[in-house]
Protein chains: 2
Amino acid sequence: MARPRTFDEEQALDAAMRTFWRKGYEATSTEDLCAATGLGRSSIYNTFKSKRALFQRVLDRYMTTMNAGQLAVLEDPGLSGADRIRALFARVLDGDAENRPTGRSLGCLGVNTTIELAGRDAVAAGMLERDTAHRLDALRAVVEAGRRDGSITSSRDAGDLARFLNATIAGLRVSAQGGADRATLDAIVAIALDALTA
Amino acid sequence: MARPRTFDEEQALDAAMRTFWRKGYEATSTEDLCAATGLGRSSIYNTFKSKRALFQRVLDRYMTTMNAGQLAVLEDPGLSGADRIRALFARVLDGDAENRPTGRSLGCLGVNTTIELAGRDAVAAGMLERDTAHRLDALRAVVEAGRRDGSITSSRDAGDLARFLNATIAGLRVSAQGGADRATLDAIVAIALDALTA
DNA sequence: CTATTTTTGAACTGATCTATCCAAAATTCC
DNA sequence: GGAATTTTGGATAGATCAGTTCAAAAATAG
């Protein structure tokens with residue numbers, strides 16, 4: 001029928017993701033996106049419609065891939081509830097450590113977007129809210145499992161504990177972007193876990 | 001000798017602060033700053049040199065004024081260590097609640113800047129790091145005081161507890177910007193405080 | 001009132017922004 | 001190979017960006 005694309009769409013999304021992640025939405029120009037993906041303007045606009053639409057694809061892809069890995073950890077049947085949460089934190093911090101191209105953490109694209117865009121982009125805000133709700137569900141289930149298996153003894157509401165853990169992850173992300181090293185982040189995690197048995 | 005300024009520099013800084021706070025650094029144009037301050041371009045560039053320099057003045061002013069209030073709370077001699085930390089969280093959340101012009105929290109300009117700029121603006125990063133170090137010092141002192149007065153029984157390192165509390169504040173800020181209401185934030189605080197007595 | 005100095009508004013500069021247009025190249029189907 | 005269709009690169013458009021220029025207005029000091 002016609003000429004096929006010579007590039008891989010998901011590969012282009014990954015390149016765009018890295019750029020948005022590193023520079024933020026506003027500071028990323030369409031030329032940055034061309035350079036990062038290796039594509040011309042036409043290809044980008046043909047495929048993704050606009051910078052904003054491309055960003056939405058990127059954000060969706062980011063949340064989907066991140067959640068896949070994190071939810072898998074949270075559902076590991078071989079671990080107690082508390083250990084699953086420990087494993088989640090470890091995964092978050094490992095991922096953070098791997099993602100420091102310039103020595104400084106890039107943080108989490110979800111957190112970064114919450115702060116840069118959620119207040120004035122209802123679509124992005126909605127995507128992020130759905131993602132948070134999803135993660136809170138998974139965290140609450142693990143807290144309840146930990147309560148059953150005895151690894152979590154706090155009498156606080158499971159939903160509140162889930163929100164506390166979610167906030168702790170965000171706090172770790174901000175601390176990392178502010179320059180904290182791995183040992184510092186590990187110490188924060190250890191203290192946060194204390195709250196589950198208080 | 002000559003014509004004096006008709007505007008108040010600090011008032012202009014406050015107007016600029018609100019704008020940067022609400023929209024972020026990149027998304028704020030110099031025209032936005034003119035509109036917010038009521039000044040012309042000449043007056044702004046005459047007084048503040050550049051958008052970036054103005055932002056640095058704004059960030060410095062923000063950190064100074066915020067720290068003044070927060071450190072005062074942390075040094076209240078009438079309260080136990082744990083109660084001073086409770087009072088700090090209350091102050092943070094009260095301030096957050098007062099600062100929701102569109103219903104959604106604006107977060108903290110320091111956190112927002114850490115995420116939007118610290119990775120690619122060494123001056124901003126340095127200002128933020130100094131501010132964080134200052135706050136961590138105050139938090140550690142309060143943790144040590146709480147340990148002496150018996151209100152904090154955790155055996156964790158005081159510096160680590162300070163970093164945990166600082167990360168918790170950041171996590172609260174991100175949660176607020178993500179749409180959490182006051183009751184949710186209060187519940188997170190209560191759980192974080194559990195870690196101090198675990 | 002005059003000389004001096006600064007502020008101020010408006011026009012302007014050159015760069016960069018997102019996005020579109022269009023013709024040439026590429027590829028498939030027949 | 002030829003017709004049909006899509007991709008692609010480069011040029012371009014129009015808006016907006018941060019920042020400058022300049023002359024007129026304003027205000028003080030003497």
Side-chain angles (χ1 to χ4, degrees), chain A residues 1-60 112-113 116-117 120-124, chain B residues 1-60 109 112-113 116-117 119-124:
Chain A
M1 302 271 269
R3 178 179 175 184
R5 274 180 197 150
T6 60
F7 66 92
D8 179 59
E9 197 168 309
E10 306 216 324
Q11 219 169 309
L13 281 173
D14 281 338
M17 185 190 300
R18 281 189 293 273
T19 309
F20 280 127
W21 200 348
R22 182 164 46 84
K23 306 188 64 167
Y25 177 77
E26 295 289 350
T28 296
S29 69
T30 52
E31 204 172 310
D32 290 333
L33 294 167
C34 290
T37 59
L39 303 181
R41 284 183 147 54
S42 297
S43 300
I44 288 187
Y45 277 90
N46 237 12
T47 310
F48 302 108
K49 288 196 56 164
S50 70
K51 177 184 170 184
R52 183 157 173 263
L54 169 56
F55 182 77
Q56 285 165 6
R57 283 282 305 271
V58 160
L59 181 59
D60 186 69
N112 298 0
T113 304
E116 191 190 355
L117 278 187
R120 59 204 162 82
D121 184 326
V123 172
Chain B
M1 299 277 270
R3 177 180 176 183
R5 273 179 197 150
T6 59
F7 66 91
D8 179 57
E9 196 167 310
E10 307 216 325
Q11 219 169 308
L13 281 173
D14 281 337
M17 185 191 300
R18 280 189 294 273
T19 308
F20 280 128
W21 200 347
R22 181 165 46 85
K23 305 189 64 167
Y25 178 78
E26 295 289 350
T28 297
S29 69
T30 52
E31 205 172 311
D32 290 334
L33 294 167
C34 290
T37 58
L39 303 181
R41 283 183 146 54
S42 296
S43 300
I44 287 187
Y45 278 89
N46 235 15
T47 310
F48 302 108
K49 287 197 59 162
S50 69
K51 177 184 170 184
R52 183 157 173 263
L54 168 57
F55 181 77
Q56 286 165 7
R57 283 282 304 273
V58 160
L59 181 59
D60 186 71
L109 184 61
N112 298 0
T113 303
E116 191 190 354
L117 278 187
R120 59 204 163 82
D121 184 327
V123 172

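Computed from a prediction, not measured in an experiment: that's the story for all the values here.
- Across A:L13 and A:L54, no two heavy atoms sit closer than the pair CD2-CD1, 3.7 Å.
- Within a 6.0 Å sphere centred on CD of A:E31, other residues, nucleotides and ligands contribute 12 heavy atoms or fewer.
- Residue contacts shown for A:F7 are limited to sugar-phosphate atoms, with no base heavy atom under 4.0 Å away.
- One atom, CD of B:E26, and another, P of C:dT18, lie 11 Å apart when rounded to the nearest Å.
- Here B:T47 lies out of heavy-atom contact (under 4.0 Å) with every strand.
- Between the side chain of B:S50 and the base of D:dG19 there is no donor-acceptor pair of N/O atoms closer than 3.5 Å.
- Both B:T6 and B:T30 sit near DNA chain D, but only B:T30 has its closest nucleotide nearer the 5' end.
- Distance, A:L39 CG to D:dT8 C1': 10 Å, rounded to whole Å.
- In this structure, the CZ atom of B:F55 is 14 Å from the P atom of D:dG19, given to the nearest Å.
- Residue B:F48 contributes atom CZ, which lies 14 Å from atom P of D:dG19 at whole-angstrom precision.
- Atom-to-atom, CD of A:E31 to P of C:dC17 comes out at 7 Å; the value is rounded to the nearest Å.
- If you check every strand for non-hydrogen atoms under 4.0 Å, B:S42 touches a base.
- The two residues A:T19 and A:A36 come nearest to each other via the heavy atoms OG1-CB, 3.1 Å.
- For D:dT8, one of the phosphate oxygens OP1 or OP2 lies less than 4.0 angstrom from a side-chain nitrogen or oxygen of A:S43.
- Following rounding to the nearest Å, A:N46 (CG) and C:dT18 (P) show an atom-to-atom distance of 18 Å.
- Nucleotide C:dA10 holds its C1' atom 15 Å from the OH atom of B:Y45, rounded to whole Å.
- Nearer to the 5' terminus of DNA chain C, by closest-nucleotide assignment, is the contact made by B:R5 (compared with the other of B:R5 and B:R41).
- Of all the heavy atoms in B:A12 and B:F7, the pair that sits closest is CB-CD1, 4.3 Å.
- The interatomic distance linking A:L33 (CG) with C:dA19 (C1') rounds to 13 Å, in whole Å.
- No donor-acceptor contact under 3.5 angstrom links the side chains of B:S43 and B:N46, judged on distance only.
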